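Beneath this line is the structure, given in structure tokens, with notes to follow.
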Amino acid sequence: MEFNDYRALGFTTLQNGLIAYYPQLGISDAELILIIQLEAFSQRGESFPSNEKIAANTNLSVSDVGNLIQRLIERNYLTIEQMTDSQDKIGNKYSLNKLYNALDHYIDQNVLIKDKKKDKTVSVANNLENNPLNYLSRKVEVEFGRYLSPIEREEIAQWLSVDHYAPELIELALREAVLSHAYSLKYIDRVLLNWQRHSLKTTDEVERFLKRNR
């Protein structure tokens, strides 16, 4: 089969925000696979697929699917609601509305940052291919060897949207923190403030400054 043959199977629409931020919502990779399957079934008109059908489309067992569904329900990301079909028959359907409400809230709190100085909301780029917030957050997580908290991600977002530090400068400040074995955002913030006091705005200016002061 060629690509155009696979097109006959259809496509599933999924929010980029979910792909980018599901770890911050505490959603595991297996739970994301389940969510994708629920979306795929729903968008094909099947809103309450059996655990067996879901498992058949994944590497998960029927028992795994049941456990994942229960976990999402317990965390208020997934609900089972009653519905009436076109023939007035009452049935059940899965709803992910509460998950997307939680995602919207997370993005509002951590990606759409309020600039208190100007009393307005500024947006950090939100696509997966060119998202400095995502890139820098992952970079910091790799260097620190741990996941960032929502508050820490918000601090990085503020560096970008409120303080208007260039992503390249933040990355250089991260490098300085690692070289000094100071694995904290507070240290990175002090480095950035120091460069700001010296009116350093480009990576070339910072590199020259560092060479003079080492």
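Because the structure is predicted, anything quoted here is derived from the model rather than measured.
- Summarising the geometry, atom CG belonging to Leu96 is positioned 8.5 Å from atom CG belonging to Leu34; distances are rounded to the nearest 0.5 Å.
- To the nearest 0.5 Å, the span separating CD1 on Ile33 from CG on Asp64 amounts to 12.5 Å.
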Quiz prompt | side chain to side chain contact (heavy atoms under 4.5 Å, CB included) evaluation trace for Asn134 with Arg153 | solution = CA-CA 9 Å; Asn134 272 353; Arg153 281 183 63 92; 3.2 Å; yes
Practice problem: For the pair Gln87 and Lys89, evaluate side chain to side chain contact (heavy atoms under 4.5 Å, CB included) and give the outcome as yes or no after the intermediate values. | Solution: CA-CA 5 Å; Gln87 298 178 342; Lys89 292 182 179 180; 3.8 Å; yes
Exercise. List the steps and the verdict of side chain to side chain contact (heavy atoms under 4.5 Å, CB included) for Ile35 and Leu18.
Key: CA-CA 10 Å; Ile35 290 166; Leu18 179 62; 4.0 Å; yes
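- The closest side-chain heavy-atom distance from Trp195 to Glu176 is below 4.5 Å.
- When hydrophobic clusters are built by joining Ile, Leu, Val, Met, Phe, Trp and Tyr residues whose side-chain heavy atoms come closer than 4.5 Å, directly or via intermediates, Ile19 is grouped together with Leu136.
- Using modelled atom types and a 3.5 Å distance limit, the side chains of Tyr22 and Glu31 yield no donor-acceptor pair.
- Taking each heavy atom of Pro167 and Leu160 in turn, the nearest pair found is CG-CD2, 3.8 Å.
- A continuous path of hydrophobic side-chain contacts links Leu193 to Val206 [ILVMFWY only; heavy atoms under 4.5 Å].
- Between the side chain of Gln43 and the backbone N or O of Thr13, at least one donor-acceptor pair lies under 3.5 Å.
- Side-chain contact between Leu68 and Arg71: present, with at least one pair of heavy atoms (C-beta onward) separated by less than 4.5 Å.
- Cluster annotation: Tyr94 is not connected to Val62 through the hydrophobic network of ILVMFWY side chains, with a link wherever side-chain heavy atoms come within less than 4.5 Å.
- In this structure, OH on Tyr135 lies 11.5 Å from CD1 on Ile170, to the nearest 0.5 angstrom.
- Heavy atoms only, all atoms of each residue included: Ala102 and Leu25 are closest at O-CD2, 4.0 Å.
- Between Leu174 and Lys139 the shortest heavy-atom distance is CD2-CG, 3.6 Å.
- Between Leu200 and Leu169 there is no side-chain heavy-atom pair separated by less than 4.5 Å.
- Here CG of Asn92 is found 10.0 Å from CD of Glu81. Values are rounded to the nearest 0.5 Å.
- Using a cut-off of 4.0 Å between Lys/Arg side-chain N and Asp/Glu carboxylate O, Glu207 and Arg175 are scored as salt-bridged.
- No more than 12 heavy atoms of other residues, nucleotides or ligands sit less than 6.0 Å from atom CG of Asn59.
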Practice problem: Apply the test side chain to side chain contact (heavy atoms under 4.5 Å, CB included) to residues Asn57 and Phe41: give CA-CA distance (whole Å), side-chain angles for both, the deciding distance (0.1 Å), then the verdict. | Solution: CA-CA 10 Å; Asn57 285 358; Phe41 276 105; 3.6 Å; yes
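- Here Asn194 contributes atom CG and Gln196 contributes atom CD; the two are 10.0 Å apart, rounded to the nearest 0.5 Å.
- The two residues Glu155 and Asp189 make their nearest non-hydrogen contact at OE2-CB, 4.0 Å.
- Here the closest non-hydrogen pair linking Arg138 and Pro23 is NH2-CG, 4.4 Å.
- Note on Leu38: it does not cluster hydrophobically with Met83, by side-chain heavy-atom contacts below 4.5 Å among ILVMFWY residues.
- Ring-plane geometry between Phe209 and His198 is classed as tilted, the angle between the planes lying from 30 to 60 degrees on a 0 to 90 degree scale.
- Taking a 6.0 Å sphere around OH of Tyr100, one finds it holds more than 12 heavy atoms contributed by other residues, nucleotides or ligands.
- For CD of Glu74, the number of neighbouring non-hydrogen atoms (other residues, nucleotides, ligands) closer than 6.0 Å is greater than 12.
- A donor-acceptor contact shorter than 3.5 Å links the side chain of Thr58 to the backbone of Ala55.
- Hydrophobic cluster membership is shared by Leu14 and Leu72, with clusters built from Ile, Leu, Val, Met, Phe, Trp and Tyr side chains linked at under 4.5 angstrom.
- The heavy-atom pair separating Ser137 from Ile156 by the smallest distance is OG-CD1, 4.0 Å.
- The line from CD1 of Ile54 to CD of Glu52 is 9.0 Å long, rounded to the nearest 0.5 Å.
- Glu171 places none of its side-chain heavy atoms less than 4.5 Å from the side chain of Ile188.
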